[in-house]
Amino acid sequence: MKILVLNCGSSSLKYQLIDMEKEDVVTKGTYERIGQDNSFVTIKQNGEKTRLEHPVANHDLALKFVMEELLTGEKYGVIQDLNEIDAVGHRLVHGGEKFSSSVLITDEVIEQIKECIPLAPLHNPACLLGIEACKKQMKDMPMVAVFDTAFHQTMPKENYIYPLPYEYYEKYKIRKYGFHGTSHKFVSKRVAEVMNQKIEDLKIVTCHLGQGASLCAVDGGKSVNTSMGLTPLGGIAMCARCGDMDPSIVGYLMDTLGKTKEEVNSILNKESGVLGISGISPDFRDVEAAKAEGNERAALAIDFYNHTVAEYIARYAVSMQGIDVIVFTAGIGENQINIRKGICEKLQFMGVEIDENINNCRGEEVEISTSNSKIKVYVIPTDEELMIARDTKEIVENR
Ligand code: ADP
């Protein structure tokens with residue numbers, strides 16, 4: 001069975017064709033700057049990376065190019081015919097309270113996804129463009145929607161309610177939803193397998209530390225708490241997003257500094273976090289290099305980041321009344337040796353101890369805690385596309 005996984009952003013389209021027999025990636029690529037004069041697509045197959053300049057005006061045309069040239073075309077094609085694809089899995093950012101698991105896409109589901117647009121005005125319309133483009137290009141193809149929010153629908157109410165007038169929750173569904181659910185689910189399942197334990201018996205904190213970053217308390221295989229909120233801006237400070245802060249700052253920036261709502265939004269999403277504090281870069285590699293050269297603000301940004309992540313992990317000891325294992329994943333979690341070390345050092349009081357030699361690795365699936373550590377610590381590379389493909393396969397086979 002071959003599954004095409006699609007992840008559409010407002011100006012991007014990522015695709016992966018996965019052969020489910022051995023869960024191999026046949027080909028993958030990213031279309032960027034869709035709708036601009038300089039759109040291009042980067043494809044990765046057979047260990048090689050190729051960049052093709054191919055301007056397209058919209059997602060429809062981007063997907064058409066992917067199908068005709070990159071999947072079935074003479075030069076780059078990997079399959080003879082689109083009929084070799086058995087199903088398409090779409091990544092959806094926001095499923096609101098409507099979706100607690102992945103679903104087969106029907107007209108009714110599309111309407112329900114549209115109803116979630118106010119909760120994710122930038123993301124959901126882009127995902128819908130991908131679904132519509134697919135419907136045009138591959139009629140009658142079974143499609144499945146996999147939501148970033150679905151895994152967190154098991155949170156108890158006290159962990160998702162905001163301390164606002166209750167009617168805002170009832171009328172407008174203002175609550176914590178959480179994101180990166182596909183990744184938190186994938187790595188929590190995987191760590192249980194690697195530890196050779198039943199997930200039902202484990203209290204796991206998963207730390208998805210990428211450009212966007214969130215933590216999740218996974219108790220017995222279910223999300224019981226997570227750091228992102230109504231939108232992916234809440235929780236821990238990120239590469240360029242602010243995360244949690246005093247909400248009055250928003251009004252202060254608007255009233256005292258005369259910033260518009262859009263300007264404040266942009267500051268909090270694009271100029272804050274580690275970039276904001278360090279003033280150097282949203283990329284930890286640059287900030288670490290600056291710290292090594294003695295830059296104090298770089299050191300402050302990193303310390304702030306490590307401290308916030310450690311504090312959130314400790315919070316989840318309360319949510320789950322204990323922690324058995326901490327998992328690091330995503331770009332920073334998998335690759336930033338010093339960040340993992342810095343976070344774990346702040347948790348020594350809880351009995352966390354890591355082996356510095358073993359921790360000295362990137363992108364590997366490995367236990368980095370010592371045998372004495374009271375809480376186990378693992379690095380587990382995430383694979384959201386594979387998780388989407390697995391859900392898609394299961395739903396399509398059982399429909
Ligand atoms: P996204 O949320 O966009 O998927 P990623 O998970 O790719 O982001 O994380 C991006 C961050 O991960 C970068 O800013 C960088 O700090 C870190 N990172 C990625 N790859 C490496 C690497 N090989 N070495 C060190 N840091 C890395």
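Start at 1 with the first residue, then count along the sequence. For ligands, and for the atoms within them, numbers begin at 1 and follow the listed sequence.
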So that I know where these two stand, are [X] and [Y] an aromatic pair - ring centroids less than 6.0 Å apart?
X      : Y      : answer
Phe99  : His94  : no
Tyr168 : Tyr162 : no
His184 : Phe151 : no

Contact bool for atom 4 (O) of ligand 1 (protein heavy atom, d < 4.0 Å)
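No.
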Looking only at protein heavy atoms, which one is nearest to [atom], and what is the separation?
atom                    : answer
atom 11 (C) of ligand 1 : Ile332 CG1, 3.8 Å
atom 15 (C) of ligand 1 : Asp283 OD1, 3.3 Å
atom 2 (O) of ligand 1  : Gln211 N, 3.0 Å
atom 25 (C) of ligand 1 : Gln336 NE2, 3.2 Å

Has ligand 1 got any nitrogen or oxygen that is less than 3.5 angstrom from a nitrogen or oxygen of Gly331?
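Such a contact does occur with ligand 1.
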Could you tell me if the side chain of Val194 sits less than 4.5 Å from the side chain of Lys376, heavy atoms only?
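No - every pair of side-chain heavy atoms lies 4.5 Å or more apart.
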Pick whichever of Leu209, Asn335, Asp286 has a heavy atom sitting closest to atom 27 (C) of ligand 1.
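Looking at heavy atoms only, Asn335 sits closest to atom 27 (C) of ligand 1.
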Is the contact between Glu334 and ligand 1 made by the side chain, the backbone, both, or neither, using heavy atoms and a 4.0 Å cut-off?
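Neither part.
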Asp303 side chain vs Ala299 backbone, donor-acceptor pair below 3.5 Å:
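No; judged by distance alone, with no hydrogens or angles, the pair does not exist.
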Is there a donor-acceptor contact under 3.5 Å from the side chain of Thr392 to the main chain of Ile388?
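Flag set: sc Thr392 to bb Ile388 pair under 3.5 Å.
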Taking the inter-plane angle between the rings of Tyr169 and Tyr160 on a 0 to 90° scale, is it parallel (under 30°), tilted (30 to 60°) or perpendicular (over 60°)?
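Aromatic pair Tyr169/Tyr160 classed tilted.
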Under 4.0 Å to a heavy atom of Gly212 - the qualifying atoms of ligand 1, by number
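This gives 2 (O) as the contact atoms.
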Arg362 neighbourhood, listing ligand 1 atoms whose heavy-atom distance to it stays under 4.0 Å:
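With Arg362 as reference, the close atoms of ligand 1 come out as 24 (N).
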